[in-house]
Each structure stands twice: as structure tokens, then as C-alpha cells.
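The chain is numbered in sequence order, starting from 1.
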Amino acid sequence: MELSQIIIDIVSTFAIVSILMPFLIGYLISHKEGQSIREVGPKWHEKKSGTPTMGGLLIIIAMTITNVWVGAWQNQLTHSLIIITLVIVLYGGIGFIDDFIKVFKKRNLGLKVLQKLVLQIIVAFIFIYVYATDQLPFNFTIPGIWSIDSVIIFVLFTIFWLVGFSNATNLTDGLDGLLGGLATISYGTYGLIALNQNRIDIAIVCFSVVGGLLAFLIFNHKPAKIFMGDVGSLALGAGLAAIAILLGRYWSLLLIGLVYVIETASVMLQVFSYRVFHKRIFKMTPIHHHFEMMGWNEWKVDIVFWIVGIICSGIYLILFV
């Protein structure tokens with residue numbers, strides 16, 4: 001895949017999102033459909049209440065269109081391209097239902113936890129089914145320690161990875177521009193890895209998402225004109241997990257996606273500590289709110305977290321690619 005083709009891939013989604021986003025924002029504002037801000041967050045976030053959400057919907061639409069036409073142009077409409085696109089679309093669909101309930105039904109918590117989890121697991125099984133029909137290996141490996149060919153272990157791990165990282169990116173999406181910037185770095189990194197492995201089909205998906213995210217950041221940087229919503233945040237994490245698995249580098253997400261892991265771990269540790277010891281480890285979780293409570297403004301949190309993402313991705317590329 002030549003540089004000019006990568007640029008065309010990126011520009012395609014960038015153009016679609018940047019052209020259509022103002023219309024989506026205008027529609028949501030005119031119908032007074034905006035995100036309600038949960039009371040458990042920082043008090044100063046209450047001024048964001050009413051900001052349009054579901055911006056991730058356009059990213060997914062633009063990515064799907066681009067994947068299809070660029071994939072056809074490059075003769076790369078493979079099972080891998082299709083299943084990654086499908087995973088992103090279906091997890092985005094779960095997020096869309098969640099956002100719809102929050103915005104249009106005025107239920108701020110959206111889907112119930114169990115409802116969301118069941119839907120996420122169902123989509124994970126769809127991914128596994130397509131993976132199996134493509135006769136890909138069910139080998140599970142812990143580098144340097146253990147390797148086993150086991151359908152059961154691989155299936156359970158895949159479900160955990162897809163659901164886990166889908167929720168991890170969802171937790172990360174708590175500040176203007178934070179997830180958009182981090183996901184741009186992550187998808188760009190996997191795009192480079194895919195090129196190195198001559199997986200042009202997967203590279204097409206990665207760079208199309210990058211283009212959509214770059215356009216989205218124009219409208220999502222502080223002060224955000226629109227939020228990504230669960231439709232975007234759930235989809236992005238699941239897409240990263242699917243890509244990592246199909247590239248045979250599932251453990252890479254622990255480093256490339258280290259910020260998502262830390263965000264999730266901070267919530268789990270906070271809940272455990274409070275329930276067991278009745279003490280909080282952090283001022284507020286996910287951890288980006290902890291730094292806000294320490295006096296950091298949103299731009300500082302964004303930039304520091306983006307830098308961490310760039311460093312982690314760079315280390316992985318240098319050491320393992």
C-alpha cells in the first residue's frame with residue numbers, strides 16, 4: 001500500500017465526517033437533544049449538559065463507506081476487513097441504542113449493565129464464528145511461557161478481549177478530545193503494524209478510522225461542540241481488540257492501549273478499595289477525573305495522556321515490529 005493510497009484512505013473518511021458533522025450538530029441542537037451530565041462526575045462538567053452527542057455515528061458511517069470502496073479499489077474486500085468493519089458497526093449499534101435511550105428517552109444511564117453485556121458477548125460470538133469459518137488458528141499464547149491450541153480458551157479470551165476493551169475505551173471517553181486523540185494514535189499504530197505484516201486489508205480499516213477521528217477532533221476538542229457518545233467509544237475499543245487478534249498480536253493492546261487499561265484498572269481498584277477498606281485510592285475515577293480534581297485542566301490531561309499513548313505505541317513499534 002503506497003503512501004498516496006494511505007492518504008486517500010484517510011482523506012475519504014476525514015471529508016465525510018468534516019462535511020456532515022455540522023449538519024448532525026445542527027439537527028441535535030435544533031431538536032434540543034443533548035447529553036445529560038451524570039452527577040457523579042466533576043461539578044464543573046455540569047456546564048456541558050445539553051451538548052450534542054452521538055458524533056461517533058458519523059465516524060462509523062464514514063469508515064464503513066471508505067472501507068468498502070477503498071477495499072474494492074485495492075481488491076482487499078477480505079473476510080478480515082469485513083469482520084472488523086462488522087464488529088465496529090455492531091458494537092457501535094449497541095452504543096447507539098444506549099445513546100438513544102439517554103438522549104431521546106431521557107434516561108441518563110442508558111442500557112442496563114446486563115443488557116449491554118449480553119449484546120457485547122453476542123457480537124463477540126459473531127466475530128468468533130467468522131474467524132472460525134476463515135480457518136484461522138485457535139492458538140492461545142503467553143509469549144515465552146505457554147502456548148496451547150484450545151478452542152475453549154481462545155473463545156473465552158476473545159470474548160473477554162472484545163468486551164473488555166470496548167468498555168475500557170468507553171470509560172476513557174470522559175474529557176473533550178481525550179479518546180479521539182488516543183484512538184487516533186492506537187489505530188495509526190496498528191495501521192503501521194498491518195503494513196509491516198503486509199495486511200493491506202487491515203491497514204485500510206485502521207487508516208480509515210484515523211481519518212474519521214481526525215475530522216471528529218475538529219468538533220470535539222475543548223470546548224466540545226459534540227461528544228462521541230457510546231456509539232463511538234464502544235465501537236473503537238472492540239475494533240482495536242479485533243484488529244489485534246487478527247494480526248496475531250492480541251497482547252500488544254496492553255502496551256499500545258495502556259491508557260485504556262489504566263483507566264479501567266483505576267475504576268476497579270477504586271471500587272475494590274471502597275467496598276473492602278471503605279477508603280478511596282483516587283479522588284475520582286476513571287483516573288482522568290483524578291487529575292482534574294488535582295487541578296489539571298482538560299487540555300493538560302489530554303496532552304499528557306496522548307503523550308503516554310505515543311510513547312507506549314513507539315516502544316511497541318521499536319521493540320516488537
Side-chain angles (χ1 to χ4, degrees), residues 53-57 59-60 63-64 80 83-102 109-131 154-174 178-187 189-190 202 205-206 209 212-213 216 227-247 249-268 271 285-288 309:
T53 188
M54 301 172 73
L57 178 63
I59 299 173
I60 294 173
M63 174 216 66
T64 303
S80 292
I83 188 55
I84 296 171
T85 303
L86 186 62
V87 164
I88 292 173
V89 169
L90 291 178
Y91 271 88
I94 297 170
F96 179 85
I97 295 171
D98 200 37
D99 288 333
F100 185 86
I101 293 171
K102 293 175 183 176
L109 294 179
L111 285 170
K112 295 178 181 178
V113 174
L114 182 59
Q115 292 173 324
K116 187 183 294 186
L117 179 61
V118 169
L119 291 172
Q120 288 174 310
I121 291 174
I122 290 172
V123 177
F125 270 114
I126 293 173
F127 170 80
I128 292 166
Y129 174 77
V130 177
Y131 183 95
F154 186 86
V155 166
L156 291 175
F157 174 80
T158 299
I159 293 170
F160 173 74
W161 223 232
L162 286 166
V163 175
F165 274 96
S166 173
N167 289 322
T169 49
N170 183 240
L171 287 172
T172 304
D173 187 31
L178 179 57
L179 179 58
L182 285 168
T184 299
I185 296 163
S186 301
Y187 274 91
T189 302
Y190 279 111
I202 296 179
V205 179
C206 292
V209 174
L213 287 168
F216 175 71
F227 298 142
M228 183 178 293
D230 285 2
V231 62
S233 60
L234 288 175
L236 289 173
L240 287 171
I243 288 167
I245 291 169
L246 288 169
L247 287 173
R249 295 173 178 266
Y250 34 84
W251 296 115
S252 64
L253 258 180
L254 294 179
L255 184 54
I256 294 172
L258 182 62
V259 174
Y260 315 132
V261 175
I262 292 173
E263 292 271 23
T264 305
S266 70
V267 174
M268 295 172 68
V271 171
T285 58
I287 199 169
H288 54 258

Backbone N or O of [Y] within a donor-acceptor pair of the [X] side chain at under 3.5 Å?
{"X": "Asp98", "Y": "Leu111", "result": "yes"}
{"X": "Tyr187", "Y": "Leu236", "result": "yes"}
{"X": "Ser166", "Y": "Gly237", "result": "no"}
{"X": "Asp99", "Y": "Asp230", "result": "yes"}

Indicate yes or no: at least one non-hydrogen side-chain atom of [X] is less than 4.5 angstrom from one of [Y].
{"X": "Leu178", "Y": "Glu263", "value": "yes"}
{"X": "Leu246", "Y": "Ile83", "value": "yes"}
{"X": "Leu119", "Y": "Tyr91", "value": "no"}
{"X": "Ile262", "Y": "His288", "value": "no"}
{"X": "Tyr190", "Y": "Ile202", "value": "no"}
{"X": "Asn167", "Y": "Thr264", "value": "no"}

If you round to the nearest 0.5 Å, how far is [atom2] of [Y] from [atom1] of [X]?
{"X": "Phe154", "Y": "Ile159", "atom1": "CZ", "atom2": "CD1", "value": "11.0 Å"}
{"X": "Phe127", "Y": "Ile245", "atom1": "CZ", "atom2": "CD1", "value": "4.5 Å"}
{"X": "Gln115", "Y": "Ile97", "atom1": "CD", "atom2": "CD1", "value": "9.5 Å"}
{"X": "Ile59", "Y": "Ile88", "atom1": "CD1", "atom2": "CD1", "value": "10.5 Å"}
{"X": "Leu57", "Y": "Phe100", "atom1": "CG", "atom2": "CZ", "value": "12.5 Å"}
{"X": "Ile243", "Y": "Ile84", "atom1": "CD1", "atom2": "CD1", "value": "4.5 Å"}

Could you walk me through whether Gln120 and Leu234 pass the side chain to side chain contact (heavy atoms under 4.5 Å, CB included) check?
CA-CA 9 Å; Gln120 288 174 310; Leu234 288 175; 3.7 Å; yes
Does any donor atom in the side chain of Ser186 or Tyr260 lie under 3.5 Å from an acceptor atom in the other side chain?
yes
Regarding Thr158 and Tyr250, is there a side-chain donor-to-acceptor distance under 3.5 Å anywhere?
no
How are the rings of Trp161 and Trp251 set relative to one another: parallel (under 30°), tilted (30 to 60°) or perpendicular (over 60°)?
perpendicular
Given side chain to side chain contact (heavy atoms under 4.5 Å, CB included), test Met228 with Asn170 step by step and report yes or no.
CA-CA 10 Å; Met228 183 178 293; Asn170 183 240; over 6 Å; no
Note: Leu182 and Gly309 closest approach over all heavy atoms is CD2-CA, 4.3 Å
Please test Ile128 against Leu162 for side chain to side chain contact (heavy atoms under 4.5 Å, CB included), starting from the C-alpha separation and ending with a verdict.
CA-CA 10 Å; Ile128 292 166; Leu162 286 166; 5.7 Å; no
